[in-house]
Number of protein chains: 2
Amino acid sequence: MADVGHAAGVSHQTVSRVLNEPHRVNDETRDRVETAIKKLKYRRSTVARALATNRTKNIGLISTGLALHSHSKRMIAFNEAARASGYQVSMASLPTAEQEPMQAALDVLLGQGVEGIVLIVADKRALDIIDSLEIDVPFVVADSGGSTHRKNVAIDQFLGARMATAHLADLGHRAIGHLAGPDWSLDASERLRGWRTELESRGLPVPEPRFGNWTPESGYERGREFAASREATAIFSANDTMALGLLHSLADNGVRVPDAISVVGFDDIPEAAHFIPPLTTVRQDFVQLGFQIMSTLLGLIEERGAAEVVGTEPELVVRKSTAPPARFD
Amino acid sequence: MADVGHAAGVSHQTVSRVLNEPHRVNDETRDRVETAIKKLKYRRSTVARALATNRTKNIGLISTGLALHSHSKRMIAFNEAARASGYQVSMASLPTAEQEPMQAALDVLLGQGVEGIVLIVADKRALDIIDSLEIDVPFVVADSGGSTHRKNVAIDQFLGARMATAHLADLGHRAIGHLAGPDWSLDASERLRGWRTELESRGLPVPEPRFGNWTPESGYERGREFAASREATAIFSANDTMALGLLHSLADNGVRVPDAISVVGFDDIPEAAHFIPPLTTVRQDFVQLGFQIMSTLLGLIEERGAAEVVGTEPELVVRKSTAPPARFD
DNA sequence: TGAGCCAATGTTAGCGCTCACATCGGTCAT
DNA sequence: ATGACCGATGTGAGCGCTAACATTGGCTCA
């Protein structure tokens, strides 16, 4: 910076001013400085700047677990939103949500001077760990299931689940089963709760849900059980990937979808429209979510009151995997 | 740091030494310092450290485009590998590979003092941009299709494509079509080249490939054409997602897989095993890839000669979507 | 016994910025 | 004509570390 100043015949401080508050510098001087900057290919050191200002414009992103579709979408969407707000994101993705590595990742991020932390973790354990960690920067959890002392921003999973269930009920189904996600997942519990609530509000029976672990394999397994028991004429699967396994095992067991059993998924992964049959599912707008997370975080960072958490509404996409129940009359 | 020193009755430099070269400090002193660190919850500022040492232990990750499965996998795997080597990664994911934002992202990363840059971009344009940008830190491209002045680390797509094609040929197919990825994709060209080379090496006819854009929709479209023309008894699809669309449209057009047409995909996404029929495909080990990228980059950063690029071998996973061609004799 | 050495620690400068304040010349109102 | 004021720029200190060198005291060895 001093070099640039020298080349332009001004002090380093003027160079700094050109970069930070150009309007406070004489037009002509500014031109000279800018020329010098280009000629010398000068690039201001973010590091030194961060040290001097005590602001890094950095946000830490912690994510654990699998490369689930919704997961990566959230990460990417948030990253773009952060960039749009002039923040860089430092990512730390851990294979699992364990105390030790989580702690370490957090230490690194904090030592790095991140101004906020976003947790993209579908895992309740991760939250317990975080809660036990007393972080001194704002952080928001990009997952459902709020708690009072924590900021959660998410697409309304509860609502989405109710929509899916309502769709099935509206078609005339009365035995509506649920293929739930793993019990450590917040999203999964919200979806389970939504399904249950919708059934209860309509006075429909609430059968025992069956639990999967998000993988198509688990969907396949549980599908066999659904096929054997004939306990439901419609199944709400907590995600599309499990729904795929479900579809597969239903087909393998000679149960026709949607004739014998209707299936609704959740997520609307790109593949869902081409499952056989094309899957009715609940779509989430991750891009918008990314921006919401960012604006919530910004609100916290800049202390202009914890911004209202708005929570996007999901959308039901009806395709071919749902139909009215078969009539036996 | 001075505070810690004070609390432990030593100078700040001793504290620094405890952190950097513990063996050079008296056991007892070290204990005192460590206790003070814990008590004061001291955390060394990475920023100041970076400024003083001129090393940030940061790596920039640029990625563009969709949330493709393979794409996210690469990102996450690389991130974990970087963490394992004590590096942090700063991510910049752009919606598209355009000059302007790419330049900007790069500037931010470089200004941030990253010691290396990894490009996870399946896009040739991105490379052209990068090449025109004269970056002064090591960078490696996590994609196939090497050039001389650039470091590419990838799973051998060419080989994978040959394996897929060979599998089809070995089953007795002689009319083996290709549903290719978009022409801007490096991986796609490598897979196309692999398919062509394998056919040529066996003296089989090389039909015109049909091009998709990675989405299931494009697979569906091209599938209609394949179904109508009956030009092939087997199709190698450049990824699983397009293969799904292909399967779907083949089913819609009454073409049975694998009886009438065999299909092979690429990627082995988790869903592939539950397509109907379960998809024969080519699996890639992204975790290992992540570590390879990292070690290549480390080689470059530490200037211990540009490490050998090893390139993992993909693996053929045979499921139910392939069978010998129907016999008409 | 004292020169020489080494391990353990302290002292000082400086990394590349920004912040707070100082300086300088000109403009304006009185 | 004088002082208050303002815009444009410069000066010096300091952010929290590390690197390089300085200092201290105890040890070895002739």
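Order of the sequence lines fixes the chain letters, A, B, ..., with proteins taken first and strands second; residue numbering starts at 1 for each chain.
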Compare the minimum distances between each of dT9(D), dA19(D), dG10(D) and the side chain of Val25(A), then state the nucleotide with the smallest one. dT9(D)
Taking CZ from Arg55(B) and P from dG16(C), how many angstroms apart are they, rounded to a whole number? 16 Å
Sub-4.0 Å heavy-atom contacts from residues 36-54 of chain A onto DNA chain D, ordered by number: Leu51(A), Ala52(A)
Judged by each residue's nearest nucleotide on DNA chain C, which is more toward the 5′ side, Gln13(B) or His23(B)? His23(B)
Identify whether any heavy atom of Thr14(B) sits under 4.0 Å from a base atom; if not, whether one sits that close to sugar-phosphate; answer base, sugar-phosphate or nothing. sugar-phosphate
Within the distance-only criterion (no hydrogens, no angle test), does the side chain of Asn26(A) pair as donor or acceptor with the backbone N or O of Thr29(A) below 3.5 angstrom? no
From the set dT9(C), dA13(D), dA8(D), return the single nucleotide nearest to any side-chain atom of Asn26(B). dT9(C)
Flag, side chain of Thr53(A) to backbone of Arg49(A), donor-acceptor distance under 3.5 Å: yes
Keeping the roles fixed (side chain from Ser93(B), backbone from Ser63(B)), state whether a donor-acceptor pair exists under 3.5 Å. no
Roughly, in whole Å, what's the span from CD in Glu28(A) to C1' in dA8(D)? 12 Å
Between dG7(D) (P) and Asp27(A) (CG): distance, integer Å: 15 Å
For Arg30(B) and dA7(C), give me the distance from atom CZ to atom P, rounded to whole Å. 15 Å
Please give, in whole Å, the distance from dC19(C) P to Leu19(A) CG? 12 Å
Counting C-beta onward and ignoring hydrogens, is there a side-chain heavy-atom pair between Leu110(B) and Ile117(B) closer than 4.5 Å? yes
Taking atom CG as the centre, does Asp107(B) end up with more than 12 heavy-atom neighbours from other residues, nucleotides or ligands that are less than 6.0 angstrom away? yes
Check this for me, if you would: do Glu115(A) and Lys57(A) make a salt bridge, where the nitrogen-to-carboxylate-oxygen distance has to be below 4.0 angstrom? no
Nearest whole angstrom, please: distance from the C1' of dC19(C) to the CE of Met1(A). 13 Å
How close or far is atom P of dT18(C) from atom CZ of Arg24(A), stated in whole angstroms? 14 Å
Checking the side chain of Thr296(B) only, and the main-chain atoms of Gln292(B) only, is there a donor and an acceptor separated by less than 3.5 Å? yes
How long is the line joining CG of Asp3(B) and C1' of dC17(D), in whole Å? 13 Å
Look at Asn20(A) and dT18(C) and indicate whether a side-chain polar atom (N or O) is within less than 4.0 Å of OP1 or OP2. yes
For dT18(C), does OP1 or OP2 lie under 4.0 Å from any side-chain N or O of Ser16(A)? yes
Side-chain N or O of Thr29(B) versus OP1/OP2 of dT9(C): is the shortest distance under 4.0 Å? yes
